[in-house]
Engineer: 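Structure below; questions to follow.
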Amino acid sequence: MDKLAKFWISKLKLDKHPEGGYYANTYRSDRIVNLPGYTGYRSTCTVIYYLLTGKQFASFHTMKSDEIWHFYSGSSLTLHIIDAKGKLKKSVLGPKFDAGEQFQVTVKSDCWFAASVNEKKSYSLVGCTVSPGFDYKDWKIGNRKVLTKIYPQHKDIIARFTKSL
């Protein structure tokens, strides 16, 4: 593992994340809302640090809330997003604006998405802001067989960024 990745994992007290990588919750709003379509109350906003090392990936998953990804350090990171109409879009989070990278990328609610580090000998340290706030009741990890059946045109990328279930 990259030295800087180890540094950030230790310094930021990151734990393993179920979809891959490492994370730490950094903020949960005290303001609570009860919105249609959600089961129970949610904070208006939550924020985490999230780190992937070179060969790790965030498995395809979906959430009921919008999620804004913020670039902090390391390699650029690609978000592989399948929207509600089944269209695949790749957005690159990183510092090189002249190369088409962005500091922030928003993933709309109910999209399926995965993330991968672009430089395999590096890491990506990012932040994720979710509103309404994150709750595991609103999060679902993708099943390779199910996603491939729904989106057969994306079977290769689904196979690459899901774990066998």
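Note that the structure is predicted; figures quoted are calculated from it, not measured.
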Engineer: Any side-chain heavy atom of F71 sitting closer than 4.5 Å to one from E101?
Structural biologist: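 Counting from C-beta outward, F71 and E101 never come under 4.5 Å.
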Engineer: Sort and list the pairs that fulfil side chain to side chain donor-acceptor pair (under 3.5 Å) and have at least one residue in residues 81-93, not counting sequence neighbours.
Structural biologist: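 Those involving residues 81-93 do not exist here.
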Engineer: Between V47 and V126, is there shared hydrophobic-cluster membership here, with clusters defined by ILVMFWY side-chain heavy atoms closer than 4.5 Å?
Structural biologist: no
Engineer: With sequence neighbours left out, write down each residue that passes side-chain contact (heavy atoms from CB on, under 4.5 Å) with K6, or none if nothing qualifies.
Structural biologist: M1
Engineer: Once you round to the nearest 0.5 Å, how far does NZ of K121 lie from NZ of K55?
Structural biologist: 8.5 Å
Engineer: What closest approach, in Å, do Y50 and C128 show between heavy atoms, and which atom pair accounts for it?
Structural biologist: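 Smallest heavy-atom distance, with atoms named: CB-SG, 4.3 Å.
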Engineer: Which residues pass the salt bridge (charged side-chain N to carboxylate O under 4.0 Å, His left out) test with D110, sequence neighbours left out?
Structural biologist: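 Once residues adjacent in sequence are excluded, D110 has no partner under the salt bridge (charged side-chain N to carboxylate O under 4.0 Å, His left out) criterion.
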Engineer: Would you check if I32 and S43 make a side-chain contact, meaning some heavy-atom pair closer than 4.5 Å?
Structural biologist: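 The answer is yes, as the side chains (C-beta and beyond) meet within the 4.5 Å cut-off.
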Engineer: Could you tell me if the side chain of D138 sits less than 4.5 Å from the side chain of R42, heavy atoms only?
Structural biologist: yes
Engineer: How far does OG1 of T26 sit from CG of L12, to the nearest 0.5 angstrom?
Structural biologist: 9.5 Å
Engineer: Do you know the tightest heavy-atom contact between L79 and V105?
Structural biologist: CD1-CG1, 3.6 Å
Engineer: Hey, do the aromatic rings of F103 and F97 have their centres closer than 6.0 Å?
Structural biologist: yes
Engineer: Quick one: salt bridge (charged side-chain N to carboxylate O under 4.0 Å, His left out) partners of K120, sequence neighbours excluded?
Structural biologist: none
Engineer: Output the rest of the hydrophobic cluster of V146: all Ile, Leu, Val, Met, Phe, Trp and Tyr residues reachable through side-chain heavy-atom contacts under 4.5 Å, sorted by chain and number.
Structural biologist: F57, F60, I82, L88, W112, L147, I150, Y151, I157, I158, F161
Engineer: Is there a path of hydrophobic side-chain contacts, each under 4.5 Å between heavy atoms, that joins L51 and F7?
Structural biologist: yes
Engineer: Angle between ring planes, F113 versus H61, binned at 30° and 60°: parallel, tilted or perpendicular?
Structural biologist: tilted
Engineer: Could you measure the distance from the OH atom of Y123 to the CG atom of L4? Nearest 0.5 Å is fine.
Structural biologist: 4.5 Å
Engineer: Quick check for you: to the nearest 0.5 Å, what is the distance between I141 atom CD1 and T62 atom OG1?
Structural biologist: 11.5 Å
Engineer: I'd like to know if the side chain of N25 and the backbone of I48 have a donor-acceptor N/O pair within less than 3.5 Å.
Structural biologist: no
Engineer: At what distance, to the nearest 0.5 angstrom, does OG1 of T129 lie from CD of Q104?
Structural biologist: 8.0 Å
Engineer: Is it true that N118 and T78 share a donor-acceptor pair across their side chains at a distance under 3.5 Å?
Structural biologist: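 Looking only at side-chain atoms, N118 and T78 do form a donor-acceptor pair, the distance falling under 3.5 Å.
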Engineer: Taking only residues two or more places apart in sequence, or in another chain, which ones meet H80 in a side chain to side chain donor-acceptor pair (under 3.5 Å)?
Structural biologist: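 For H80 the side chain to side chain donor-acceptor pair (under 3.5 Å) partners, ignoring immediate neighbours, are S116.
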Engineer: Would a single hydrophobic cluster contain both W8 and Y72, if residues Ile, Leu, Val, Met, Phe, Trp and Tyr are joined by side-chain heavy-atom contacts under 4.5 Å?
Structural biologist: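 In one cluster with Y72: W8, yes.
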Engineer: Hey, does the side chain of R144 reach the backbone of T162 with a donor-acceptor pair shorter than 3.5 angstrom?
Structural biologist: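 Answer holds: yes.
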Engineer: Write down the atom of K163, the atom of S59, and the distance for their closest heavy-atom approach.
Structural biologist: NZ-OG, 3.7 Å
Engineer: Looking only at non-hydrogen atoms, find the nearest pair between S124 and S76 and report the distance.
Structural biologist: OG-O, 3.3 Å
Engineer: For residues Y23 and L52: do they belong to one hydrophobic cluster (side chain heavy atoms under 4.5 Å, members Ile, Leu, Val, Met, Phe, Trp, Tyr)?
Structural biologist: yes
Engineer: Between S65 and Y38, do the side chains contain an N or O donor and an N or O acceptor separated by less than 3.5 Å?
Structural biologist: yes
Engineer: Return yes if some donor-acceptor pair links the side-chain N/O of R28 with the main-chain N/O of F134 below 3.5 Å, else return no.
Structural biologist: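 Flag set: sc R28 to bb F134 pair under 3.5 Å.
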Engineer: Show the nearest heavy-atom pair for residues D2 and S122, with the distance to one decimal.
Structural biologist: OD2-CA, 4.2 Å
Engineer: Which of these passes side-chain contact (heavy atoms from CB on, under 4.5 Å) with S75: L125, T53, V117?
Structural biologist: V117
Engineer: Answer yes if L77 and M63 sit in the same cluster of Ile, Leu, Val, Met, Phe, Trp and Tyr residues linked by side chain heavy atoms under 4.5 Å apart, and no otherwise.
Structural biologist: yes
